Amino acid sequence: MSNADSPRRRFLRQLVAVGGGILLGACDSASRSPRVTKVLETGERLNRNVQHALTSRTTMAQEFTEADLSPQFRSNGTDYPDSAEYRALATNGFVDWRLRVDGVVERPVQLTLDQLRAMRSRTQITRHDCVEGWSAIGKWTGTPLSEVLALVRPRADARYVMFYCADPMDDSGTKYYESIDMEDAMHPQTILAYALNDAALPIPNGAPLRLRVERQLGYKMAKYLMHIELVTSFARINGGKGGYWEDDGYEWYAGI
Ligand SMILES: Nc1nc2c(c(=O)[nH]1)N[C@H]1C(S)=C(S)[C@@H](COP(=O)(O)O)O[C@H]1N2
Ligand SMILES: [Mo]
């Protein structure tokens, strides 16, 4: 069912590699020079246009079998959020954790982990590609984001879904955050995962809940989710680029 190896996909990947190649080796700080940022912005326009021209956004990411699972799914970035609030939640097995879902919606909600687990679930075995150059195949189970959106009923002017995380990234206290558009939010493989390889999501991989947005790079897959907000624009949120690494020059649409 995958067309991952069609000449069209290969061509696309080569083009994306040209646009995104400068990112290799980053993802854990480093690239803050204005010149690098400029190049990345140009690359992003190219990347997003090429991506749209050559692939349908509704295409499914390739799914694998149990035999393909990586022996271990490594952790990257934060492996334990450095905050008293998170430590308290983790110590209690996340029973006090709530996912707030609000913004431009008709019915804001707060969901417990049990409530999310009681909703329709989806399991998928997919390959995670980090911009630093490593990949891993894991089996993810979670609630389709479309189910949660059906619950809150986004207003017609909602354009993006923001994901706010528990982990402070620097001394200023800025926490990791990410965003996707409604098209990706409604994609069947976009899930809020609470399990990895048939076990509760481990803390290094984002417990109690993390985003899986297959067909984009690893940094889009926000871990340690606390709050989801539907917005009409992210121009006024933090650096205005829609994500922690995006504010640092990474492309917002990180298609694979
Ligand atoms: N909250 C949060 N989410 C995050 C990160 C992070 O540091 N904090 N790192 C990102 C990056 S760069 C990658 S590659 C993946 C790593 O997921 P893993 O730790 O399960 O391997 O999470 C992404 N989501
Ligand atoms: Mo990454």
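Note that the coordinates shown come from a computational prediction; the quantities given were computed from them, not determined experimentally.
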Nearest 0.5 Å please: distance from the [atom1] atom of [X] over to the [atom2] atom of [Y].
X: R107; Y: R153; atom1: CZ; atom2: CZ; result: 6.5 Å
X: D167; Y: Y224; atom1: CG; atom2: OH; result: 6.5 Å
X: T174; Y: Y244; atom1: OG1; atom2: OH; result: 7.0 Å
X: K139; Y: L69; atom1: NZ; atom2: CG; result: 7.5 Å
X: D181; Y: Y160; atom1: CG; atom2: OH; result: 7.0 Å

Counting C-beta onward and ignoring hydrogens, is there a side-chain heavy-atom pair between [X] and [Y] closer than 4.5 Å?
X: I203; Y: D79; result: no
X: R212; Y: Q189; result: no
X: M226; Y: L89; result: yes
X: V152; Y: I228; result: no
X: I256; Y: E214; result: no
X: E246; Y: E251; result: no
X: W97; Y: L209; result: yes
X: P202; Y: L196; result: yes

Hey, quick one: are [X] and [Y] part of the same hydrophobic cluster, counting side-chain heavy atoms closer than 4.5 Å, chains of contacts allowed?
X: L149; Y: V104; value: yes
X: V213; Y: F163; value: yes
X: Y253; Y: L211; value: no
X: Y219; Y: I180; value: no
X: M221; Y: L217; value: no

Smallest separation among heavy atoms of [X] and [Y], with atom names:
X: P188; Y: M60; value: CG-SD, 3.9 Å
X: P168; Y: A166; value: CD-O, 3.3 Å
X: N76; Y: K223; value: O-NZ, 2.8 Å
X: H187; Y: T58; value: NE2-O, 3.6 Å
X: S146; Y: M186; value: CB-CE, 3.9 Å

Item to check | L225 vs L99, side chain to side chain contact (heavy atoms under 4.5 Å, CB included): CA-CA, chis, key distance, verdict | outcome: CA-CA 7 Å; L225 293 178; L99 179 70; 4.2 Å; yes

Backbone N or O of [Y] within a donor-acceptor pair of the [X] side chain at under 3.5 Å?
X: D247; Y: G239; answer: yes
X: K241; Y: D248; answer: no
X: N238; Y: G240; answer: no
X: T143; Y: L116; answer: yes
X: S179; Y: M162; answer: no
X: N205; Y: R74; answer: yes
X: T91; Y: R87; answer: yes
X: S75; Y: P204; answer: yes

Check salt bridge (charged side-chain N to carboxylate O under 4.0 Å, His left out) between [X] and all other residues, then give those that pass, not counting sequence neighbours.
X: D184; value: R57, R215
X: D96; value: none
X: D68; value: none

Please list every donor-acceptor pair under 3.5 Å in which a side-chain atom of residues 229-237 meets a protein atom from a residue at least two apart or in another chain.
| residue | atom | partner | partner atom | Å |
| --- | --- | --- | --- | --- |
| E229 | OE1 | Y164 | OH | 2.6 |
| S233 | OG | A235 | N | 3.0 |

Taking [atom1] in [X] as the centre, count heavy atoms belonging to other residues, nucleotides or ligands within less than 6.0 Å. Is the count above 12?
X: Q115; atom1: CD; value: yes
X: D102; atom1: CG; value: yes
X: R159; atom1: CZ; value: no

Checklist entry - Can you check side chain to side chain contact (heavy atoms under 4.5 Å, CB included) on L201 and W140, steps first, answer last? => result CA-CA 9 Å; L201 186 63; W140 304 95; 3.7 Å; yes

Can we call the ring centroids of [X] and [Y] under 6.0 Å apart?
X: Y80; Y: Y86; value: yes
X: W245; Y: Y177; value: no
X: H128; Y: F73; value: yes

Item to check | Exercise: do D114 and T112 side chains pair donor with acceptor under 3.5 Å | outcome: no

Checklist entry - Do the charged groups of R210 and E178 touch, with an N to O distance under 4.0 Å? => result no

Checklist entry - Are the charged groups of E106 and R155 less than 4.0 angstrom apart, N to O? => result no

Item to check | For R122, all residues meeting side chain to side chain donor-acceptor pair (under 3.5 Å), sequence neighbours excluded | outcome: E63, Q124

Item to check | ring-ring contact (aromatic ring centres under 6.0 Å, His included) contacts in which one or both residues fall within residues 189-214, not counting sequence neighbours | outcome: none

Next on the checklist: Before you tell me yes or no, could you show the steps for M169 and T78 under side chain to side chain contact (heavy atoms under 4.5 Å, CB included), namely the whole-Å CA-CA distance, both residues' side-chain angles and the distance that decides it to 0.1 Å?
Outcome noted: CA-CA 8 Å; M169 297 299 287; T78 303; 4.0 Å; yes

Checklist entry - Taking it one step at a time, do L145 and I191 satisfy side chain to side chain contact (heavy atoms under 4.5 Å, CB included)? => result CA-CA 5 Å; L145 181 56; I191 64 173; over 6 Å; no

